[in-house]
Asker: 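Right, I'll just put the structure down here and ask away after.
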Amino acid sequence: MARAVQITGTGQLLELSRRLKAAGGSRLKANFTRRIRRAAEPLKADMQQTIRSLPIRSEGRKGTNRGGPSPTTRPLRATVAGAVRISVRTGAAPGARLYVDKGLLPRDLKNMPWVMNSANGRIRHPVFGNKKRWANQWTTPLWWDKTVQSHTPRMRAEVARVLSDVRNQIT
């Protein structure tokens, strides 16, 4: 069980600082960060696999012979999966955060992970960039949330174990 730490005077802060340095200081923080990141890696790998295998269904053609090759060669699911990142926090609320780095996505796909994860799972887009003609495609709704929920108990237990180890090293 986690204990609350209250620091009211500079004496307590100096004492805590001394205990952290004695326990390893930056080495302790690096070890802490590494262990939390390692605990989050299975979630990241599972999330990327979920994205890559996500079924996307279309409503099909409307009885015309229109069509042709895609004007882009970039694969949607692989592009989104490649933008999944882990951020480790070691401050007041320690833990790991899994997110999609929008900076790694092409400009026209910046919101695609959130569109794909929407409650109805509908992806509405212009046909080959033609804004006068739109198409609907569907995917499994809330796939991000379900994947995170399946890993949450294991992650919480691992972060609690890491915090306990750090607390034992300090005291």
Side-chain angles (χ1 to χ4, degrees), residues 1-7 20 23-24 26-60 70 72-127 134-171:
M1 174 169 279
R3 293 182 303 189
V5 176
Q6 283 188 322
I7 300 173
L20 274 172
S26 61
R27 184 180 52 85
L28 181 69
K29 183 179 178 184
N31 184 30
F32 175 73
T33 302
R34 181 178 39 81
R35 287 182 62 191
I36 290 182
R37 181 173 299 279
R38 190 179 299 148
E41 285 295 334
L43 172 59
K44 178 184 175 188
D46 192 24
M47 185 64 70
Q48 289 176 326
Q49 182 58 37
T50 299
I51 294 169
R52 285 188 182 101
S53 62
L54 201 61
I56 298 178
R57 301 172 310 281
S58 68
E59 55 191 20
S70 173
T72 177
T73 57
R74 106 186 139 234
L76 170 68
R77 290 173 277 215
T79 302
V80 173
V84 174
R85 295 287 181 256
I86 297 174
S87 171
V88 177
R89 297 180 311 268
T90 58
R97 179 178 156 244
L98 191 71
Y99 67 100
V100 175
D101 188 354
K102 290 173 80 170
L104 296 176
L105 294 174
R107 197 184 68 191
D108 59 334
L109 296 180
K110 296 269 187 222
N111 292 324
M112 188 55 69
W114 294 271
V115 171
M116 291 168 63
N117 192 47
S118 66
N120 63 3
R122 184 177 95 162
I123 304 169
R124 181 171 154 75
H125 61 91
V127 176
W134 289 75
N136 291 315
Q137 290 182 298
W138 289 271
T139 186
T140 307
L142 304 175
W143 50 268
W144 181 280
D145 304 329
K146 291 174 185 173
T147 306
V148 169
Q149 282 177 348
S150 69
H151 285 269
T152 299
R154 184 191 56 78
M155 289 285 300
R156 286 189 186 188
E158 183 63 25
V159 169
R161 186 172 27 256
V162 171
L163 285 172
S164 175
D165 291 349
V166 168
R167 191 176 301 113
N168 290 338
Q169 288 179 1
I170 291 174
T171 57

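Because only heavy atoms are used, hydrogens play no part in the values below, and waters and symmetry mates are left out as well, while side chains stay in. All residue numbers in this chain count up from 1 along the given sequence.
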Asker: Do you know which two heavy atoms are closest between Leu109 and Pro113, and how far apart they sit?
Answerer: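 What the structure gives for the nearest pair is O-CD, 3.7 Å.
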
Asker: Other residues, nucleotides and ligands only: do more than 12 of their heavy atoms fall within 6.0 Å of CZ on Arg156?
Answerer: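 Not buried by this count: 12 neighbours or fewer within 6.0 Å.
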
Asker: Work out which heavy atom in Glu158 is nearest to a heavy atom in Ala39; give both atom names and the distance.
Answerer: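 So the minimum-distance heavy-atom pair works out to CG-CB, 3.1 Å.
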
Asker: Kindly indicate whether the side chain of Ile51, heavy atoms from C-beta on, has any atom under 4.5 Å from the side chain of Gln48.
Answerer: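 Not in contact.
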
Asker: If you round to the nearest 0.5 Å, how far is CZ of Arg52 from OG1 of Thr79?
Answerer: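 Taking OG1 in Thr79 and CZ in Arg52, the distance rounds to 10.0 Å.
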
Asker: What is the minimum heavy-atom distance between Asp46 and His151, and which atoms define it?
Answerer: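 Heavy atoms only, the tightest pair is OD2-NE2, 2.8 Å.
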
Asker: Mind checking whether Val115 and Arg124 have side chains closer than 4.5 Å, heavy atoms only?
Answerer: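 Side chain of Val115 against side chain of Arg124, heavy atoms only: no contact under 4.5 Å found.
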
Asker: Identify the heavy atoms of Leu54 and Trp143 that sit nearest to each other, and give their distance.
Answerer: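 Heavy atoms of Leu54 and Trp143 come nearest at CD2-NE1, 3.5 Å.
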
Asker: Would a 4.5 Å heavy-atom cut-off, applied to side chains only, mark Asn136 and Ile123 as touching?
Answerer: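 Result no, sub-4.5 Å side-chain heavy-atom pair not found.
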
Asker: Of the non-hydrogen atoms in Lys110 and Gly103, which two are nearest, and what is the gap between them?
Answerer: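 Reported closest heavy-atom pair: NZ-CA, 4.0 Å.
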
Asker: How far apart are the C-alpha atoms of Leu104 and Arg85, what are their side-chain angles, what is the distance that settles it, and do they pass the side-chain contact (heavy atoms from CB on, under 4.5 Å) test?
Answerer: CA-CA 10 Å; Leu104 296 176; Arg85 295 287 181 256; 2.9 Å; yes

Asker: Less than 4.5 Å apart, side chain to side chain, heavy atoms only: is that true for Lys146 and Thr50?
Answerer: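 No, every pair of side-chain atoms sits at 4.5 Å or beyond.
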
Asker: Can we say Arg38 and Glu41 salt-bridge, meaning some charged N sits less than 4.0 Å from an Asp/Glu carboxylate O?
Answerer: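 A salt bridge is absent here (no side-chain N lies under 4.0 Å from a carboxylate O).
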
Asker: Would you give the length of the straight line joining atom NE2 of His125 to atom CG of Asp108, rounded to the nearest 0.5 angstrom?
Answerer: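 So the gap between those two atoms works out to 12.0 Å.
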
Asker: Return yes if some donor-acceptor pair links the side-chain N/O of Lys102 with the main-chain N/O of Asn111 below 3.5 Å, else return no.
Answerer: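 No; judged by distance alone, with no hydrogens or angles, the pair does not exist.
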
Asker: Under 4.5 Å between any side-chain heavy atoms of Ile56 and Leu76, yes or no?
Answerer: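 Yes. Closest side-chain heavy atoms under 4.5 Å.
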
Asker: Compare every heavy atom of Met155 with every heavy atom of Ala96, then report the nearest pair and how far apart it is.
Answerer: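 Scanning both residues, the minimum pair turns out to be CB-CE, 4.1 Å.
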
Asker: With distance as the sole test, does Arg122 use its side chain to make a donor-acceptor pair with the main-chain N or O of Ala119 at under 3.5 Å?
Answerer: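 No, Arg122 side chain to Ala119 backbone: no donor-acceptor pair under 3.5 Å.
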
Asker: Could you grab the distance from atom CD of Gln137 to atom CE of Met116, nearest 0.5 Å is fine?
Answerer: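 Reported value, rounded in 0.5 Å steps: 10.0 Å.
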
Asker: Roughly how far, to the nearest 0.5 Å, is CG of Asp101 from CD1 of Ile86?
Answerer: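 Result: 13.0 Å between the selected atoms.
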
Asker: Does some side-chain heavy atom of Met47 sit less than 4.5 Å from a side-chain heavy atom of Leu98?
Answerer: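 In short, these two side chains touch, coming nearer than 4.5 Å.
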
